[in-house]
Amino acid sequence: MPESNFVDYVKIYCRSGKGGRGSMHLRHVKYNPNGGPDGGDGGKGGSIYLRGNHNYWTLLHLKYQRHVFAEHGGNGGRDKCHGTDGKDQYIDVPCGTVVYNAETGKYVCDVTYDGQTVLLLKGGRGGLGNFQFRSATNQAPRYAQPGEPMEEMTIILELKLLADVGLVGFPNAGKSTLLSSLSSARPKIANYPFTTLEPSLGIVSYHDKQSFVMADIPGIIEGASEGKGLGLRFLRHIERNSLLLFMVPGDTDDIKKEYEVLLNELKNFNPDMLDKHRVLAVTKCDLLDEELIEMLQETLPQDLPVVFISSVTGYGINELKDTLWRELNSESNKLQDITAEDTLVHRDKDLSALPQELLLEGEEEDIEFIDMDDVEIEEFEDFEEEE
């Protein structure tokens with residue numbers, strides 16, 4: 001697959017900072033030989049946060065950032081000096097990014113709006129110095145706390161496009177042509193399968209300066225939910241869409257059967273997607289006459305709105321926009337968005353398909369981890385006296 005600036009899948013290793021250790025020190029100076037304990041506390045380790053940023057539309061800036069480390073907290077010192085706090089690390093991601101644990105496949109968090117900050121890994125708390133342990137019965141404690149350890153996790157970041165209407169269809173069904181005719185988007189259009197290799201977004205204008213967002217994804221083939229074609233890579237982009245627009249060419253032998261094949265692929269990928277509102281658009285109707293269109297209407301599914309369109313001649317385009325707007329703003333669709341909010345993104349990731357996904361994205365299956373046994377750990381501070 002040719003290189004593209006659109007990156008919607010990255011795998012990185014994150015590690016928060018460990019807390020600094022507390023100081024064990026007894027003050028002993030010329031005019032105050034029995035000054036008592038004055039060891040300071042250790043600093044807090046840095047945390048790692050995810051932050052939504054609407055200036056990003058892809059995960060390209062994270063593709064080659066394989067490790068994200070927060071700073072460790074500083075150790076406490078004499079004279080009740082507090083250790084420095086470790087610097088936090090913020091990972092800016094586009095809105096619509098979902099995070100999974102790469103080792104277990106568990107859902108971790110979701111970033112959906114600009115400025116949203118989510119704590120990913122918490123930094124370790126700094127240890128208390130011996131000054132904090134002084135008491136009437138223990139006036140010279142000779143011990144202090146070590147800092148809390150760091151947290152680490154390998155995460156998978158997946159970008160799921162935020163759009164109102166998602167286009168679903170086989171290759172060469174006319175999805176890109178429709179998007180280019182309804183919006184200012186200019187996706188690649190050609191007469192061969194899988195012309196579209198990356199999702200495209202377009203803003204569709206409606207009456208009274210209103211609009212909605214439409215997303216075009218690469219074509220789906222039978223078996224896409226099992227990894228055939230490009231479906232496994234891009235099916236996740238229509239999980240967030242409020243409405244699904246199925247597109248089947250009018251010159252297809254059996255329109256209803258092709259629609260059912262597409263519906264079955266969505267069901268195998270994520271059964272919750274069947275709860276979304278659906279509209280069927282029969283494309284390329286400039287090749288059909290009125291009599292044939294009337295005959296086809298009797299064989300089409302009756303459980304969803306059906307619109308006959310032609311993106312080239314403009315036939316049925318206004319009717320399609322009215323139907324999409326009506327379905328998007330129907331009470332049942334709004335109620336579904338409220339009651340079923342976040343049910344899709346909380347679904348854990350199926351790790352059985354992970355090796356194939358990594359292969360599609362050009363990622364290595366393993367990330368080089370730091371062996372903590374090879375890291376030199378500073379020894380505990382000895383008893384000090386100030387001359």
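Just so you know, these numbers use all the heavy atoms, side chains as well, and skip hydrogens, waters and symmetry mates.
Within 6.0 Å of atom NZ in Lys80, 12 or fewer heavy atoms from other residues, nucleotides or ligands are found, so the atom counts as exposed in its surroundings.
Listed for the Glu152 side chain is no donor-acceptor partner under 3.5 Å among the backbone atoms of Arg15. No donor-acceptor distance shorter than 3.5 angstrom exists from the side chain of Glu151 to the backbone of Ser47, with no hydrogens or angles considered. Listed for the Asp79 side chain is no donor-acceptor partner under 3.5 Å among the backbone atoms of Cys81. Without hydrogens or angle criteria, Asn130 side chain to Pro37 main chain gives no donor-acceptor distance under 3.5 Å. Not a single donor-acceptor pair under 3.5 Å links the side chain of Lys122 to the backbone N or O of Ser16. Formation of a donor-acceptor pair under 3.5 Å by the Gln145 side chain with backbone atoms of Leu128 is found in this model. With Gln302 contributing its side chain and Leu300 its backbone, the two residues share a donor-acceptor pair below 3.5 Å. Judged by distance alone, with hydrogens and angles left aside, the side-chain atoms of Asp114 form a donor-acceptor pair with the main-chain N or O of His54 at under 3.5 Å. Side chain of Asp85 to main chain of Gly43: no donor-acceptor pair is present (N/O by atom type, distance under 3.5 Å, no hydrogens or angles). The closest donor-acceptor contact from the side chain of Asp41 to the backbone of Gly129 lies under 3.5 Å.
Two different hydrophobic clusters hold Val312 and Val204 under the rule that ILVMFWY side chains link at heavy-atom gaps under 4.5 Å. Tyr56 and Leu157 are not part of a single hydrophobic cluster, where members link through side-chain heavy atoms under 4.5 Å apart. Hydrophobic clustering (ILVMFWY, side-chain heavy atoms < 4.5 Å, transitive): Tyr49 and Met153 are in distinct clusters. Follow the hydrophobic side-chain contacts under 4.5 Å out from Tyr206 and you reach Leu324 in the same cluster. Note: the hydrophobic cluster containing Tyr90 does not contain Leu121 (ILVMFWY, side chain heavy atoms under 4.5 Å, direct or indirect links).
When all heavy atoms of Ser23 and Ala144 are compared, the closest pair comes out as O-CB, 3.7 Å. Lys63 approaches Val10 most closely through the heavy-atom pair CA-CG1, 3.8 Å. When all heavy atoms of Ala70 and Lys87 are compared, the pair lying nearest together is CB-O, 3.8 Å. The heavy-atom pair separating Thr177 from Ser311 by the smallest distance is CG2-CB, 3.6 Å. Of all non-hydrogen atoms in Val118 and Cys109, the two that sit nearest each other are CG1-CB, 3.6 Å. Closest approach of Asn329 to Trp325, counting heavy atoms only: ND2-O, 2.8 Å.
Taken to the nearest 0.5 Å, the CD atom of Gln116 stands 12.5 Å off from the CZ atom of Arg51. Rounding to the nearest 0.5 Å places CZ of Arg125 at 4.5 Å from CD of Glu148. Atoms CG and CG, on Asp303 and Leu280 in that order, are 9.5 Å from each other to the nearest 0.5 Å. For the atom pair CD1 (Ile91) and OG1 (Thr117), the distance works out to 12.0 Å, reported to the nearest 0.5 Å.
Annotation: side chain of Ile155 is in contact with side chain of Leu120 (closest heavy-atom distance under 4.5 Å). For the pair Leu243/Phe212, no side-chain contact is recorded, criterion being any heavy-atom separation below 4.5 Å from C-beta on.
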- Item | side chain to side chain contact (heavy atoms under 4.5 Å, CB included) between Asp164 and Glu327, worked out | CA-CA 11 Å; Asp164 299 311; Glu327 290 295 324; over 6 Å; no

- Message: His25 vs Asp38, test: side-chain hydrogen bond (donor to acceptor under 3.5 Å, both in side chains). Steps then yes/no.
- Response: CA-CA 6 Å; His25 183 262; Asp38 68 341; 2.6 Å; yes

Show me, pair by pair, the donor-acceptor contacts under 3.5 angstrom made by side chains of residues 244-259, not counting sequence neighbours?
{"from": "Thr252", "atom 1": "OG1", "to": "Pro249", "atom 2": "O", "distance (Å)": "2.8"}
{"from": "Asp254", "atom 1": "OD1", "to": "Lys256", "atom 2": "N", "distance (Å)": "3.3"}
{"from": "Asp254", "atom 1": "OD1", "to": "Lys257", "atom 2": "N", "distance (Å)": "3.2"}
{"from": "Tyr259", "atom 1": "OH", "to": "Arg278", "atom 2": "NE", "distance (Å)": "3.0"}

